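Bear in mind that the values here come from a model prediction, so they are computed numbers and not experimental data. We use all heavy atoms of the structure for the numbers below, so side chains are in, but hydrogens, waters and symmetry mates are not.
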Amino acid sequence: MKTPKPKKKREGAGPVPRTQYAALPWRIRNGRVEVMLVTSRDTKRWVIPKGWPMKGRKPHIVAAIEAVQEAGLIGRTEKAKLGDFGYEKRLNSGATVDCRVEVFSLRVQKQRKKWAEKKQRATRWFDCAVAADLVEEPELRDLILGFCSAPAQQKA
């Protein structure tokens, strides 16, 4: 039987956070940027679509796949990350794990009528300030506000 490899540790800290990839879905409506949030399956908190790395897939592609699965969103995902945020993920076992989420811009072109997790999650478009207020993670809040206040030509 193989001995499990010890988890990598940071200097003076616990285990290194696990990486996830997320999409920040957005559109321009009536000249204003709006952000789509989705509810988490268990706690029904407002979040952005995110998930674990997928073997052989680049991070921005994983973010796009998660947006399709969790919210039915189709659009253009940028290759460069917007930023990242940390949060504590609750696992099915009840344990928690620290995660670091790399976030990629997703300009939404359309939302499918049907998608994998439609019956498990709600989706809704919000004005940037409202979306920022609804998410619990302070770093995600700052990321949303920073993205929305960036000049429009950076989003085109």
Side-chain angles (χ1 to χ4, degrees), residues 8 10 15-91 96-156:
K8 297 178 185 174
R10 291 180 289 170
V16 173
R18 293 185 57 188
T19 300
Q20 288 190 309
Y21 301 118
L24 179 63
W26 64 277
R27 68 181 181 186
I28 296 177
R29 181 98 175 216
N30 299 323
R32 298 180 59 113
V33 176
E34 292 181 331
V35 172
M36 179 177 276
L37 297 179
V38 302
T39 55
S40 64
R41 286 191 288 201
D42 296 329
T43 63
K44 303 301 180 196
R45 295 179 304 113
W46 287 109
V47 297
I48 59 176
K50 64 184 169 297
W52 302 110
M54 297 175 188
K55 190 173 183 167
R57 307 252 171 138
K58 294 182 179 184
H60 70 283
I61 300 297
V62 173
I65 291 169
E66 293 297 334
V68 172
Q69 291 175 345
E70 295 182 11
L73 300 176
I74 306 296
R76 181 168 180 239
T77 309
E78 293 296 322
K79 291 180 182 179
K81 74 176 183 175
L82 284 175
D84 51 57
F85 70 94
Y87 83 108
E88 207 172 68
K89 174 152 181 78
R90 184 167 306 281
L91 303 175
T96 59
V97 60
D98 287 335
C99 291
R100 196 83 203 150
V101 184
E102 295 183 14
V103 181
F104 298 85
S105 166
L106 171 66
R107 182 164 190 171
V108 176
Q109 295 165 337
K110 70 176 189 173
Q111 185 176 33
R112 292 179 172 174
K113 290 182 180 173
K114 296 179 182 179
W115 62 89
E117 297 178 16
K118 183 172 184 172
K119 292 181 179 173
Q120 300 167 341
R121 300 177 187 271
T123 64
R124 189 163 158 204
W125 288 105
F126 294 100
D127 179 74
C128 288
V130 174
D133 282 344
L134 289 171
V135 297
E136 288 184 8
E137 300 81 6
E139 292 172 303
L140 177 55
R141 182 176 303 127
D142 293 346
L143 197 145
I144 291 170
L145 292 173
F147 173 78
C148 292
S149 65
Q153 65 268 23
Q154 290 181 3
K155 295 181 189 70

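Within the 4.5 Å cutoff, no side-chain heavy atoms of Glu117 are placed close to those of Lys119. Using a 4.5 Å cut-off on side-chain heavy atoms (C-beta onward), Thr96 and Leu91 make no contact. Counting heavy atoms from C-beta outward, Lys114 and Arg112 have side chains that stay 4.5 Å or more apart. Residues Leu73 and Met36 form a side-chain contact, since some pair of their non-hydrogen atoms from C-beta on lies under 4.5 Å apart. Side chains of Leu82 and Val103 form a contact here, defined as non-hydrogen atoms less than 4.5 Å apart.
Checking side-chain atoms of Arg141 against main-chain N and O of Val135 turns up a donor-acceptor pair under 3.5 Å. Within the 3.5 Å criterion, the main-chain N or O of Ala122 finds a donor-acceptor partner in the side chain of Thr39.
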Start with the C-alpha gap between Glu88 and Asp98, add the side-chain angles, then the distance that decides, and say whether side chain to side chain contact (heavy atoms under 4.5 Å, CB included) holds.
CA-CA 5 Å; Glu88 207 172 68; Asp98 287 335; 3.9 Å; yes

The test is side chain to side chain contact (heavy atoms under 4.5 Å, CB included); show your working for Gln111 and Thr123 and say whether it passes.
CA-CA 10 Å; Gln111 185 176 33; Thr123 64; 3.2 Å; yes

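When all heavy atoms of Cys128 and Val33 are compared, the pair lying nearest together is SG-O, 3.5 Å. The two residues Pro25 and Ala23 come nearest to each other via the heavy atoms CD-O, 3.1 Å. Nearest heavy-atom pair across Phe104 and Thr77 is CB-CG2, 3.9 Å. Smallest separation of non-hydrogen atoms from Ala131 and Val35: CB-CB, 4.1 Å.
With sequence neighbours excluded, the residues satisfying side chain to side chain contact (heavy atoms under 4.5 Å, CB included) with Gln109 are Ile74.
For the pairing with Tyr87, the side-chain hydrogen bond (donor to acceptor under 3.5 Å, both in side chains) check across Gln20, Arg100, Glu136, Glu139 returns one residue only, Gln20. Applying the side-chain contact (heavy atoms from CB on, under 4.5 Å) test between Glu34 and each of Trp26, Phe126, Trp125 identifies Trp125 as the sole match.
Within the model, atoms CZ of Arg90 and OG of Ser40 stand 11.0 Å from one another, a figure rounded to the nearest 0.5 Å. Rounded to the nearest 0.5 Å, atoms CG (Asp84) and SG (Cys99) are 12.5 Å apart. Atom CD in Gln120 sits 9.5 Å away from atom CG in Asp42 (nearest 0.5 Å).
A salt bridge is defined here as a Lys NZ or Arg NE, NH1 or NH2 lying under 4.0 Å from an Asp or Glu carboxylate O, and Asp127 with Arg32 meets this definition.
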Donor-acceptor contacts under 3.5 Å from residues 45-66 side chains, at least two apart:
residue: Arg45; atom: NE; partner: Thr43; partner atom: OG1; Å: 3.3
residue: Arg45; atom: NH1; partner: Glu137; partner atom: OE2; Å: 2.8

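Looking at Glu102 and Thr19, their side chains never bring a donor and an acceptor atom within 3.5 Å of each other.
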